[in-house]
Each structure stands twice: as structure tokens, then as C-alpha cells.
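Below you'll find the structure, written out as C-alpha cells, and then a few comments.
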Protein chains: 2
Amino acid sequence: MRQEPMSIPEQTRQSRLSSNGWKIQRIAKWLDREMDRRLIDHGITVQQFAVMMTVLETDGLSQTQIGRQFSAPAYTISRAIDHLERAGLLDRRPHPTSRRTHTIHATAAGHKLSPALLAIVQEVNAALVAPLDTAERDRFSALLTKLT
Amino acid sequence: MRQEPMSIPEQTRQSRLSSNGWKIQRIAKWLDREMDRRLIDHGITVQQFAVMMTVLETDGLSQTQIGRQFSAPAYTISRAIDHLERAGLLDRRPHPTSRRTHTIHATAAGHKLSPALLAIVQEVNAALVAPLDTAERDRFSALLTKLT
DNA sequence: TGATTTATCTTGCAATTGCAACTATATTCT
DNA sequence: AGAATATAGTTGCAATTGCAAGATAAATCA
């Protein structure tokens, strides 16, 4: 006697779609899109933005050091810097003591971009927690910290 | 008189790196890696996994309907199904009334994979909230829902 | 009905990504 | 010192992605 294979019960579906992981992925995707939407005017991607912010915040880091800031592989940094260098926003300079290391520095144009980038971060973060009241924001932030 | 361009104050850096957006992105990346790490044994990616789950949960959806489940563009679904079909986990069948629509169905092999996939979801979600106690988990889940 | 618009799905192409291999330099070990 | 290892960064290649355009088919409109 033949029987159709059972499909997953509705309850299971609900529990997956309402899982924390799923929600976080959705929110993260939204964040990415919002960032990209605003960054496109400045000709950079979120990936490149992260590198640029790091360089603006700390001048003269090596590529490896930059990568460690957000655990990105070396080649990601290498290529992001290729872009940002071509865009004239930063440049590679020889390291004072090591000939295989570069130190990375924002150019004048890079520094000029800084306020706009900071504004974007703040705007997107504000939009993210807009549905929450002050107490909820504090709790949310604390909980996220526990997970990191 | 020449002056070095100001770099972004430490406080600003701290506020960016501790922002909710940043933390969420970090967690989302972690989730992705954890899922991928487990799914690789089954030869599918997270993207394909999402499609597969949807098909397992609801048999006979069209590709567009599947895409709406997680607001993925049509071509993503098209290609994910290409893979899953080639892997023998599901198949496209003609729609009963519309000749341009496919209905998507899990194969026997697809159904057989179901428990393993469900286990992965549960495992990763459990690992995600492992640092939180029961009350915190409830609060976290509620807050995430508000943001969605 | 025939023309226009919309819907469903696919695909060509260029850009991006991830892996592994590579170059070059620095460090450690014997 | 010389050999073996480790580190910093780059690159070739294959796979993936995203956009825009295409191919059908269905629905709407005049």
C-alpha cells in the first residue's frame, strides 16, 4: 500500500519562521539594504564602508589589523582597499619597518567623506530601533551584547 | 599653517562598534556560517535550504509564492531550484491551469532530508540563545518581533 | 478581437566572493 | 648561517550574485 510522504506540520513552519535566527537574518538583510541604499551615492559598498570607517577611526593600521576589526579574511580587505584607493579615499604607504606590510591612510577626500558616513550609521541605527521605546532599546542592546 | 586632518574620536568609534546594527550584522554572519557549516554535509547552501524548507512545509507552491516567503527575487528562487532539482531533492511540475507557472514538489529524497534540516534549525537556534536564560529569551524574542 | 500591459520564469553578462595557490618578507630553529 | 616556518598581502579561477533584458503566457483594455 502506497502512502504520500508526510509534509511538515504547520506548527513546525510557524516555529521556524518565528525563530530568533530567522528574524535576525531578516533584520540583517534590511540593515544591509538600508546601508547600501545610502552608500551608493558615495560610490562604496557596505564592505568598503566598514574598512573606510576603520581607517578614519584609526590611521595607519596594516591591512591585517583592519581585517581583525571585523574578522574579515585578508583578501576581502585587499580588494576593498583596491576600490577605496582607486576611488581616491585612502592610500597604501610603506610600513616604516616591515617591507611586506602596508599602512593605510585616509586621503583628504576620505576625511571629507567622514561626516556623511557617520550620519548614515546614525540614521540607519535610529531607524532600526525606531519601533522601540527607550527602556526597550536599553534591554535590546544589553541582550545583543550577551550574544556577541 | 598646515594642519593634519582630524581623525574620528575614540568615543565615536566605540559607539559605532557597539551599535545595535553592528552587533546584529555580526550575529547574522555567525548564524550564516553555523548554518552553512552544517548544511555542507547535505550539499546545499543556506539560500537553497530556505527554499527547501518552504517546499517541505508547503507542497506545490509556485516559484513566485516561494519567493514571497522570504522576499527573495525570482531569479534567486529559479537558481536555487535549479540546484535542488539537479540534486534530486525536488522537482518542477506543470501548473494545472497556468502554462507559465511551475509547481514545486519535494521528491522522496527531499522528504528524507527533512528531519536532518529541522534538526539543524533547532540546533543553531539553540546555540544562538544559549547565553540567555529563559526570561531573557522571551524578552529577546519579543523585541525582535517588534522590529520585524 | 487585436493591442497593450502584466505576470512567471529564465538567462547573459559583469561584478563579487571564496578558496587555494602564489610571491615576498620576516621569524624561528638547529 | 642556512633551513624550515610563519606572516602579509595579492591573484587566478570557479562559483555566486544582481541587474537588466528576454521569452512565454495570461489578463486587461479599447
Side-chain angles (χ1 to χ4, degrees), chain A residues 25 28-30 32-37 39-40 42-52 54-55 58 60-87 90-105, chain B residues 25 28-30 32-37 39-40 42-52 54-55 58 60-87 90-105:
Chain A
Q25 296 290 32
K29 257 173 112 175
W30 176 87
D32 239 18
R33 276 198 312 273
E34 290 297 307
M35 288 299 292
D36 265 330
R37 195 161 65 74
L39 287 171
I40 202 166
H42 304 288
I44 63 176
T45 66
V46 196
Q47 198 55 257
Q48 292 155 25
F49 156 85
V51 171
M52 193 68 215
T54 304
V55 173
T58 312
L61 291 176
S62 73
Q63 299 189 188
T64 305
Q65 286 173 319
I66 293 171
R68 267 199 278 272
Q69 296 280 325
F70 34 90
S71 35
Y75 67 80
T76 296
I77 307 302
S78 185
R79 283 164 174 162
I81 291 179
D82 286 348
H83 276 277
L84 293 166
E85 197 171 30
R86 243 178 285 132
L90 49 72
D91 52 30
R92 291 169 160 103
R93 297 187 202 155
H95 189 277
T97 66
S98 168
R99 271 189 305 166
R100 72 186 166 192
T101 307
H102 297 146
T103 64
I104 309 300
H105 306 264
Chain B
Q25 296 290 32
K29 259 171 110 177
W30 177 86
D32 239 18
R33 276 198 311 273
E34 290 298 307
M35 287 299 291
D36 265 330
R37 194 162 65 73
L39 288 171
I40 203 165
H42 305 287
I44 63 176
T45 67
V46 195
Q47 198 56 258
Q48 292 155 23
F49 156 84
V51 172
M52 194 66 216
T54 304
V55 173
T58 312
L61 291 176
S62 73
Q63 299 190 190
T64 306
Q65 287 174 320
I66 294 172
R68 268 199 278 273
Q69 296 280 326
F70 35 89
S71 37
Y75 67 81
T76 297
I77 307 302
S78 187
R79 284 165 174 161
I81 292 179
D82 285 348
H83 277 278
L84 293 167
E85 197 171 31
R86 241 177 287 131
L90 48 74
D91 51 29
R92 292 168 160 103
R93 297 187 202 156
H95 188 276
T97 66
S98 168
R99 271 190 304 165
R100 70 186 168 195
T101 307
H102 298 146
T103 64
I104 309 300
H105 306 264

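In what follows, every heavy atom counts, from backbone to side chain, and hydrogens, waters and symmetry copies are set aside. What you see is a predicted model, and the numbers here were worked out from it, not measured in a lab.
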Which part of the nucleic acid, if any, lies within contact of A:T103, taking any heavy atom under 4.0 Å across all strands shown: a base, the sugar-phosphate backbone alone, or nothing? nothing
Atom CG of B:D82 and atom P of C:dG12: how far apart are they, to the nearest Å? 12 Å
Using a heavy-atom cut-off of under 4.0 Å over every strand shown, decide if A:H95 touches base, sugar-phosphate, or nothing. nothing
Does A:R100 make a side-chain donor-acceptor contact with the base of C:dT25, cut-off 3.5 Å? yes
Rounding to an integer number of Å, can you tell me how far B:I81 CD1 sits from C:dT10 C1'? 12 Å
Side-chain donor or acceptor of A:Q47 paired with backbone N/O of A:A80 under 3.5 Å: no
Nearest-Å distance for atom pair CD/P, residues B:Q63 and D:dA25: 15 Å
With respect to the phosphate group of D:dT10, does any side-chain polar atom (N or O) of A:S78 fall under 4.0 Å of OP1 or OP2? yes
Show the distances under 3.5 angstrom between N or O atoms of the protein and N or O atoms of nucleotides 1-4 of chain D.
none

Give me the atom names and distance for the closest heavy-atom approach of A:T103 to A:P96. CG2-CD, 4.3 Å
Atom-pair distance (NE2 on B:H102; C1' on C:dA7), nearest Å: 14 Å
Protein-proximity profile, nucleotides 14-22 of chain C, B/S/- by nucleotide at the 4.0 Å heavy-atom cutoff, equals --SBBB---
Rounded off to whole Å, could you give me the CZ-to-P distance for the A:R86 and D:dT10 pair? 12 Å
Send over the distance from A:I104 CD1 to D:dT10 C1', rounded to a whole Å. 13 Å
Nearest-0.5 Å distance that lies between atom CZ in B:R93 and atom OG1 in B:T101: 15.5 Å
Interatomic spacing from NE2 in A:H102 to CD1 in A:I77 - rounded to 0.5 Å: 14.0 Å
State, yes or no, whether a side-chain contact exists between A:D32 and B:Q25 at a heavy-atom distance under 4.5 Å. yes
As an exercise, state the distance from OG1 of A:T54 to CD of A:Q65, rounded to the nearest 0.5 Å. 11.5 Å
Within the pair B:T64 and C:dC9, is there a side-chain N or O less than 4.0 Å away from OP1 or OP2? yes
Among C:dA26, C:dC9, D:dT10, the one nearest A:R92 by side-chain distance: D:dT10
Begin from the C-alpha positions of A:D36 and A:F49 and carry the test side chain to side chain contact (heavy atoms under 4.5 Å, CB included) through to its verdict. CA-CA 9 Å; A:D36 265 330; A:F49 156 85; over 6 Å; no
Could you tell me the separation between the OG1 atom of A:T58 and the CD atom of A:Q69, rounded to the nearest 0.5 Å? 6.0 Å
Go through the steps to decide whether B:I104 and B:R92 satisfy the test side chain to side chain contact (heavy atoms under 4.5 Å, CB included), and finish with yes or no. CA-CA 5 Å; B:I104 309 300; B:R92 292 168 160 103; 3.7 Å; yes
Nearest-angstrom distance from the residue atom CZ of A:R99 to C1' of D:dT7: 15 Å
